[in-house]
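Since the structure comes first, as structure tokens, the remarks are kept for the end.
This structure is a prediction, so every number in the text was calculated from the model and none was measured.
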Amino acid sequence: MGTSGTSGTSGTSGAAGAAGAAGAAGAAGAAGAAGAAGTIVVTGGTGTLGSLVAERLRAAGHEVRVLSRHAPDHPVDLRDGTGLDAALAGAEVIVHCASNTRGAGRGDDVAAGHLIEAARRAGTVRNIVYISIVGVDVVPLGYYRRKLRVERLLETSGLGVTILRTTQFHDLVAMLTDAMAKLPVVPVPKGVPVQPIAVGEVADRMAELAVPTPSGRVPDMGGPQIRSLPDLARVHLRATGRNRRVLPVPLPGKAYAAFRRGGHLTPSHAVGHETFDQFTAGRGR
């Protein structure tokens, strides 16, 4: 399982959105404590996480440049680096949320390489804040391995870096359930515990970290509850008015075994507030 749609388009819950004002205030306070950033660049800034990070940073009074292939002001293609030099000119902080989630992270390392080289050329970038996933060094899943590769590229780049690993977003659990609910019986991986977190709460933390002073690898961030994936699928189906049977299905492979062992969980960092029940209740209204 990957962190949900850092470059996708699915929405956040009402509770996560309502936390925006508090998140912006927290980001402003953190910026004041660590030194206010100049221009902040957000890659993947039109996606699920990136759009919320940009929103919070702007609410806190920062100058924000949103980068994406179709951005009207700063069109950038991270796949070949097109547009990066102009987009990073004078920037102090980069919040790197872009990821090829639909392609299981393929090309993310190449994109990170282009970003690092452009940041070096800019000469003003003091901190690259990167969103990663809890368990990328434990679960042998292709997407996780590519996220870990990007972490290593950043850590050895010689640039200031901040890396935050989080558990899966509520949105991902809902998206997986919705995809499987097209069938008469909803098949869900058996025995997999999950610790989902509100994307808005992650956006709050990313905005706090978007300051000129890098923090390296910061403490992981997990949701408030650890529950089974079949259980949460049932919660989501009930909240959205669908009477479907959930069928837990065992799967082969080392990645599935690592998920069953909880390699993607962080019970000692259950700092999230919004539960999955609250998230899906908001979406069902």
When you look at V136 and E151, which way does the side chain to side chain contact (heavy atoms under 4.5 Å, CB included) test go after all the steps?
-> CA-CA 10 Å; V136 291; E151 285 189 13; 3.6 Å; yes
Side chain to side chain contact (heavy atoms under 4.5 Å, CB included) between F259 and K254, worked out | CA-CA 9 Å; F259 280 128; K254 294 180 179 179; over 6 Å; no
Kindly determine whether F276 and F279 satisfy ring-ring contact (aromatic ring centres under 6.0 Å, His included), including the steps that lead there.
-> CA-CA 5 Å; F276 185 75; F279 162 82; 5.7 Å; yes
Could you walk me through whether L229 and D231 pass the side chain to side chain contact (heavy atoms under 4.5 Å, CB included) check?
-> CA-CA 5 Å; L229 187 55; D231 181 31; over 6 Å; no
Stepwise side chain to side chain contact (heavy atoms under 4.5 Å, CB included) check, V249 with V188 | CA-CA 6 Å; V249 178; V188 177; over 6 Å; no
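Distance alone, capped at 3.5 Å, is enough to place a donor-acceptor pair between the S68 side chain and the A71 backbone. A donor-acceptor contact shorter than 3.5 Å is absent between the side chain of S157 and the backbone of I116. Judged by distance alone, the side chain of K147 and the main-chain N or O of I131 form a donor-acceptor pair under 3.5 Å. T280 places no side-chain N or O within donor-acceptor distance of the main-chain N or O of D277, the cut-off being under 3.5 Å. Using modelled atom types, one side-chain atom of Q195 and one backbone atom of T266 make a donor-acceptor pair closer than 3.5 Å. Under a 3.5 Å cut-off, the side chain of T166 and the backbone N or O of G222 do not form any donor-acceptor pair. Of the possible polar contacts, one joining the R65 side chain to the A87 backbone as a donor-acceptor pair under 3.5 Å is found. Formation of a donor-acceptor pair under 3.5 Å by the N100 side chain with backbone atoms of R106 is found in this model. A donor-acceptor pair is defined here as one N or O able to donate and one able to accept, closer than 3.5 Å; such a pair exists between the side chain of E92 and the backbone of G38.
Among residue pairs with one or both ends in residues 185-225, none qualify as ring pair (Phe, Tyr, Trp, His ring centres under 6.0 Å); sequence neighbours excluded. Pairs engaging residues 111-125 under the side-chain hydrogen bond (donor to acceptor under 3.5 Å, both in side chains) rule: D85-R121, E117-R120 [sequence neighbours left out].
For H74, there are no side chain to side chain donor-acceptor pair (under 3.5 Å) partners at least two apart in sequence or on another chain. Qualifying salt bridge (Lys or Arg N to Asp or Glu O under 4.0 Å) partners for R152, counting only residues two or more places apart in sequence or in other chains: E155. With sequence neighbours left out, the side chain to side chain donor-acceptor pair (under 3.5 Å) criterion links R205 to E208. Residues satisfying the side-chain contact (heavy atoms from CB on, under 4.5 Å) test with R79, not counting sequence neighbours, are R69, D77.
Taking the side chain as every heavy atom from C-beta outward, V95 and V41 never approach each other to under 4.5 Å. Residues P224 and E274 fail the side-chain proximity criterion, which asks for heavy atoms closer than 4.5 Å. Proximity of V194 to T167: side-chain heavy atoms (C-beta onward) are nowhere separated by under 4.5 Å. At a threshold of 4.5 Å between non-hydrogen side-chain atoms, the residues R261 and Y256 do not count as touching. Between L154 and L159 there is no side-chain heavy-atom pair separated by less than 4.5 Å. Contact of the V235 side chain with the R227 side chain is registered, since non-hydrogen atoms from C-beta on lie closer than 4.5 Å. Taking 4.5 Å as the limit, every side-chain heavy atom of Y130 sits out of range of all side-chain heavy atoms of C97. Under the 4.5 Å side-chain criterion, counting only non-hydrogen atoms from C-beta, L49 is in contact with F169.
When the side chains of ILVMFWY residues are joined at heavy-atom separations under 4.5 Å, either directly or via intervening members, V192 and V173 end up in a single hydrophobic cluster. In the hydrophobic cluster analysis, where Ile, Leu, Val, Met, Phe, Trp and Tyr join through side-chain heavy atoms closer than 4.5 angstrom, L78 is grouped apart from V110. Put simply, V161 and L209 are part of two different groups of oily side chains (I, L, V, M, F, W, Y) that touch within less than 4.5 Å, one to the next. Using a 4.5 Å cut-off between side-chain heavy atoms of Ile, Leu, Val, Met, Phe, Trp and Tyr, with links allowed through other members, V138 and L265 fall into different hydrophobic clusters. A continuous path of ILVMFWY side-chain contacts below 4.5 Å connects V271 to V218, so both sit in one hydrophobic cluster.
Of all heavy-atom pairs spanning P248 and R234, the tightest one is CG-NH2, 4.1 Å. Considering all non-hydrogen atoms of both residues, P193 and G191 come closest at CD-O, 3.4 Å. Taking each heavy atom of A255 and L141 in turn, the nearest pair found is CB-CD1, 4.0 Å. Minimum heavy-atom separation, I128 to A119: CD1-CB, 4.4 Å. The minimum heavy-atom distance between V186 and A181, with the atom names listed, is CG2-CA, 3.8 Å. Across V64 and A54, no two heavy atoms sit closer than the pair CG1-CB, 4.1 Å.
Rounding to the nearest 0.5 Å places CG of L88 at 10.5 Å from OG1 of T39. Considering NE2 of H170 and CD1 of I197, their distance stands at 7.5 Å, rounded to 0.5 Å. For the atom pair OH (Y143) and OG (S99), the distance works out to 3.0 Å, reported to the nearest 0.5 Å. For the atom pair CD1 of I226 and CG of L232, the computed distance is 11.0 Å after rounding to the nearest 0.5 Å. Atoms CZ and CD1, from R58 and I40 in turn, are 10.5 Å apart once rounded to the nearest 0.5 Å. Remark: D108 CG to L115 CG distance equals 11.5 Å, nearest 0.5 Å.
Between the side chains of H236 and T177, no donor N or O sits under 3.5 Å from an acceptor N or O. Side-chain contact annotation: Q225 with T275, donor-acceptor N/O pair under 3.5 Å absent.
Classification of D220 and R165 as a salt-bridged pair fails, no side-chain N sitting under 4.0 Å from a carboxylate O.
The residue from I94, V129, L57, V93 that alone fulfils the side-chain contact (heavy atoms from CB on, under 4.5 Å) condition with V42 is L57.
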